[in-house]
Number of protein chains: 2
Amino acid sequence: MKARVHITLKSGVLDPQGKAIAHALGSLGFAGVDDVRQGKFIEIKLTEQDRGKAEAAVKQMCEKLLANTVIENYTVELVG
Amino acid sequence: MKARVHITLKSGVLDPQGKAIAHALGSLGFAGVDDVRQGKFIEIKLTEQDRGKAEAAVKQMCEKLLANTVIENYTVELVG
């Protein structure tokens with residue numbers, strides 16, 4: 001089973017990396033870019049076959065290692 | 001309109017960051033982690049309302065700035 005995890009900054013948290021991308025896009029001539037936010041995308045291949053257990057495990061991974069829950073949100077999506 | 005862009009390393013390209021995460025998860029006691037791949041997730045708010053034009057613009061942004069197409073794949077998804 002595969003888990004797709006998105007980790008994004010909470011709204012209101014400053015995102016300098018996103019701002020830099022927005023600025024660079026402007027410099028390259030791309031108009032009409034309102035805002036850019038950059039997050040992380042992590043794909044985890046698990047041996048666990050039980051959907052419920054896999055989801056619980058990945059949420060634990062996010063809480064303990066992958067996300068900084070003070071400033072970041074995470075979503076877990078199971079595939080296959 | 002909002003674009004969600006996923007940038008992932010092509011398969012076969014070494015992903016040291018993913019390996020580090022997999023190792024750290026193992027150290028934390030998470031068993032059953034086969035493989036971890038880390039990518040980027042970028043949300044772009046666009047003023048463009050035309051779906052086709054927005055998608056074309058975001059693909060251009062990926063080619064020119066966001067992705068290194070030698071080692072990375074990208075997918076563009078439009079929301080709203």
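Hydrogens, waters and symmetry mates play no part in the numbers below; they use all other heavy atoms, side chains included. Below, read A as the first sequence line, B as the second, and so on, with proteins coming before strands; counting in each chain starts at 1.
- When each of Q38(A), Q17(A), K45(A) is checked for heavy-atom pairs under 4.5 Å with chain B, K45(A) comes out on top.
- With hydrophobic clusters built from ILVMFWY side chains whose heavy atoms lie under 4.5 angstrom apart, V76(B) shares a cluster with F30(A).
- Here the CD1-CG distance, from I44(B) to D35(A), works out to 10.0 Å after rounding to the nearest 0.5 Å.
- When the side chains of ILVMFWY residues are joined at heavy-atom separations under 4.5 Å, either directly or via intervening members, V70(B) and L9(B) end up in a single hydrophobic cluster.
- Ranked by non-hydrogen atom pairs under 4.5 Å with chain A, the options T47(B), L66(B), I7(B) are led by T47(B).
- Note: G39(A) leads A22(A), G39(A), A3(A) in heavy-atom pairs under 4.5 Å with chain B.
- For K53(B), the NZ atom is loosely surrounded, since the number of other residues' heavy atoms within 6.0 Å does not exceed 12.
- Across every non-hydrogen atom of L28(A) and L65(B), the tightest pair is CD1-CB, 3.8 Å.
- Interface with chain A: from residues 55-62 of chain B, residues A57(B), Q60(B), M61(B) qualify, criterion being any non-hydrogen pair under 4.5 Å.
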Self-check item: Worked verdict on V33(A) versus L46(B) for side chain to side chain contact (heavy atoms under 4.5 Å, CB included)
Solution: CA-CA 5 Å; V33(A) 175; L46(B) 300 158; 4.3 Å; yes
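- A heavy-atom distance below 4.5 Å is not found between the side chains of E43(A) and H6(B).
- Put simply, CZ on F41(A) and CZ on R4(B) are 9.5 Å apart, with the number rounded to the nearest 0.5 Å.
- With a threshold of 4.5 angstrom between heavy atoms, L25(A) approaches chain B through its backbone and through its side chain.
- Hydrophobic clustering (ILVMFWY, side-chain heavy atoms < 4.5 Å, transitive): V36(B) and M1(A) are in distinct clusters.
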